[in-house]
There are 2 protein chains.
Amino acid sequence: MRSDQLDSLFAALADPTRRALLQRLMVGDASVAQLAEPFQMSQPAISKHLKVLEHAGLVSRSRIATSRYSHLEAAPLKEATEYMERYRRFWATTFDRLDAALAVFQSHEATATDEPTKEQPND
Amino acid sequence: MRSDQLDSLFAALADPTRRALLQRLMVGDASVAQLAEPFQMSQPAISKHLKVLEHAGLVSRSRIATSRYSHLEAAPLKEATEYMERYRRFWATTFDRLDAALAVFQSHEATATDEPTKEQPND
DNA sequence: TCCTTCTATAACTGAATAGTTCTGAAAGCG
DNA sequence: CGCTTTCAGAACTATTCAGTTATAGAAGGA
């Protein structure tokens with residue numbers, strides 16, 4: 001996954017209104033009016049949030065009559081989850097990384113010869 | 001996990017510089033100068049990014065002499081991964097969509113600030 | 001066609017963000 | 001003690017973002 005895709009994906013998830021919209025879309029596809037109904041927010045504000053979600057790939061949209069229905073696309077969340085899983089695995093399985101890090105630090109060399117970068121995320 | 005915690009966590013992950021800092025910290029703890037070295041960015045800028053990561057709970061800090069070492073804390077990523085796992089469940093199995101959705105709704109992710117607010121308890 | 005409904009866009013405001021430079025504070029060292 | 005190193009904070013700028021109201025456009029229904 002490209003870095004700017006992670007940018008827009010995490011940025012999209014960083015807003016509580018947008019997370020609530022995703023939750024709502026798990027129940028099923030919905031029009032803008034249906035999505036806006038629970039919020040004390042104007043319709044254009046919801047349209048903007050949907051645009052952000054669409055740009056992040058989390059939502060796809062289609063027209064039915066005059067309405068536009070949003071559909072949840074969870075594949076990007078799979079990517080993001082896998083991104084974070086790499087950190088989880090590192091955190092769960094490594095116990096002596098501080099000692100190793102200090103050893104590397106004291107050698108005044110940034111080359112990590114003891115712990116190769118097999119567990120590192122790519123971005 | 002509270003909603004504003006997810007806000008700051010996802011917002012922290014939405015920046016490529018901060019993700020690179022996290023990746024660097026997987027090699028081992030590092031001082032601000034060591035973290036800033038690969039970037040074409042001023043030292044205060046890196047300090048600000050570290051502050052964001054610290055506020056998101058992704059990094060803890062300690063002093064060694066005049067340096068301040070950053071340490072990767074992956075526990076918040078575990079929380080966020082579990083949050084997104086609920087969407088993965090939806091994405092993986094199409095049959096229990098409603099169950100997954102109800103699980104998300106009942107998980108009380110939405111707090112008073114981002115809970116959709118009904119105006120009238122009329123029905 | 002005219003009218004209604006639904007949604008997007010335009011234009012604007014205020015707040016937050018990412019970066020800069022300059023300065024000051026904290027902790028060792030000579 | 002004075003000096004150096006390392007980092008954080010202040011002050012400032014430019015950009016982005018989240019929201020508003022007002023309006024325009026797209027698609028159907030009467």
Side-chain angles (χ1 to χ4, degrees), chain A residues 3-22 24-25 29-56 58-71 102 105-106 108 110, chain B residues 3-22 24-25 29-56 58-71 110 113-117 119:
Chain A
S3 182
D4 59 330
Q5 290 179 289
L6 285 175
D7 287 1
S8 52
L9 174 57
F10 283 127
L13 292 174
D15 186 279
T17 300
R18 289 194 288 265
R19 289 199 302 274
L21 289 173
L22 292 179
R24 166 62 185 84
L25 287 177
D29 297 4
S31 68
V32 175
Q34 289 171 338
L35 290 171
E37 187 271 336
F39 296 95
Q40 285 187 326
M41 205 177 292
S42 66
Q43 168 263 314
I46 300 296
S47 285
K48 284 189 181 182
H49 281 303
L50 290 173
K51 198 173 181 183
V52 173
L53 291 172
E54 187 178 18
H55 181 251
L58 289 164
V59 150
S60 61
R61 316 192 69 188
S62 61
R63 236 189 217 296
I64 299 182
T66 63
S67 299
R68 300 197 69 183
Y69 279 75
S70 295
H71 175 78
L102 285 178
F105 155 68
Q106 286 164 0
H108 211 273
Chain B
S3 182
D4 59 328
Q5 290 179 289
L6 286 174
D7 288 1
S8 51
L9 175 57
F10 284 128
L13 292 174
D15 185 279
T17 300
R18 288 194 287 265
R19 289 198 303 275
L21 289 173
L22 292 178
R24 165 60 184 86
L25 288 176
D29 297 5
S31 68
V32 175
Q34 289 171 338
L35 291 171
E37 188 271 335
F39 296 95
Q40 303 283 95
M41 204 176 292
S42 67
Q43 167 263 313
I46 300 296
S47 284
K48 283 189 182 180
H49 281 303
L50 289 173
K51 198 173 179 182
V52 172
L53 291 172
E54 187 178 18
H55 181 250
L58 289 165
V59 150
S60 61
R61 316 192 70 187
S62 61
R63 257 215 140 87
I64 300 182
T66 62
S67 299
R68 303 198 68 182
Y69 279 77
S70 295
H71 176 80
T113 54
D114 80 320
E115 185 93 42
T117 51
E119 292 133 356

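Convention: sequence-line order gives letters A, B, ...; per-chain numbering from 1.
B:His55 places its NE2 atom 13 Å from the P atom of C:dA18, with the value rounded to the nearest Å. Rounded to an integer number of Å, the gap from CG of A:Leu21 to C1' of C:dT7 is 15 Å. Straight-line distance from the CG atom of B:Leu50 to the P atom of D:dA8: 7 Å, rounded to whole Å. Between B:Tyr69 atom OH and D:dT5 atom P there is a gap of 16 Å when expressed in whole angstrom units. In this structure, A:Glu54 atom CD and C:dT9 atom C1' are separated by 15 Å, rounded to whole Å. Atom CG in B:Asp7 sits about 13 Å away from atom P in C:dA16, given to the nearest Å.
In terms of heavy atoms, B:Met41 sits closest to B:Ala45 at CG-CB, 3.4 Å. In terms of heavy-atom proximity, A:Ala12 sits nearest to A:Ala56 at CB-CB, 3.7 Å.
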- Taking protein heavy atoms under 4.0 Å as touching, what does nucleotides 19-28 of chain C look like 5' to 3' if B marks base contact, S marks sugar-phosphate-only contact and - marks none? BBBB---SBS
- Task: Go through the steps for A:Arg61 and A:Val32 under the test side-chain contact (heavy atoms from CB on, under 4.5 Å), then give the verdict.
- Result: CA-CA 10 Å; A:Arg61 316 192 69 188; A:Val32 175; 3.3 Å; yes
- Could you give me the CA-CA distance, side-chain angles and deciding distance for A:Leu6 and B:Leu13, then say whether side-chain contact (heavy atoms from CB on, under 4.5 Å) is met? CA-CA 8 Å; A:Leu6 285 175; B:Leu13 292 174; over 6 Å; no
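Taking 4.0 angstrom as the limit, B:Lys51 places none of its side-chain polar atoms (N or O) nearer than this to OP1 or OP2 of D:dC7. In terms of phosphate contacts, A:Arg68 brings a side-chain nitrogen or oxygen within less than 4.0 Å of OP1 or OP2 of C:dA8. Proximity of B:Ser31 to the phosphate of D:dC7: a side-chain N or O atom is located under 4.0 Å from OP1 or OP2.
Proximity of B:Leu25 to B:Leu35: side-chain heavy atoms (C-beta onward) are separated by under 4.5 Å at one or more points. Residues A:Gln34 and A:Ser67 have side chains not in contact (no heavy-atom distance under 4.5 Å, counting atoms from C-beta outward).
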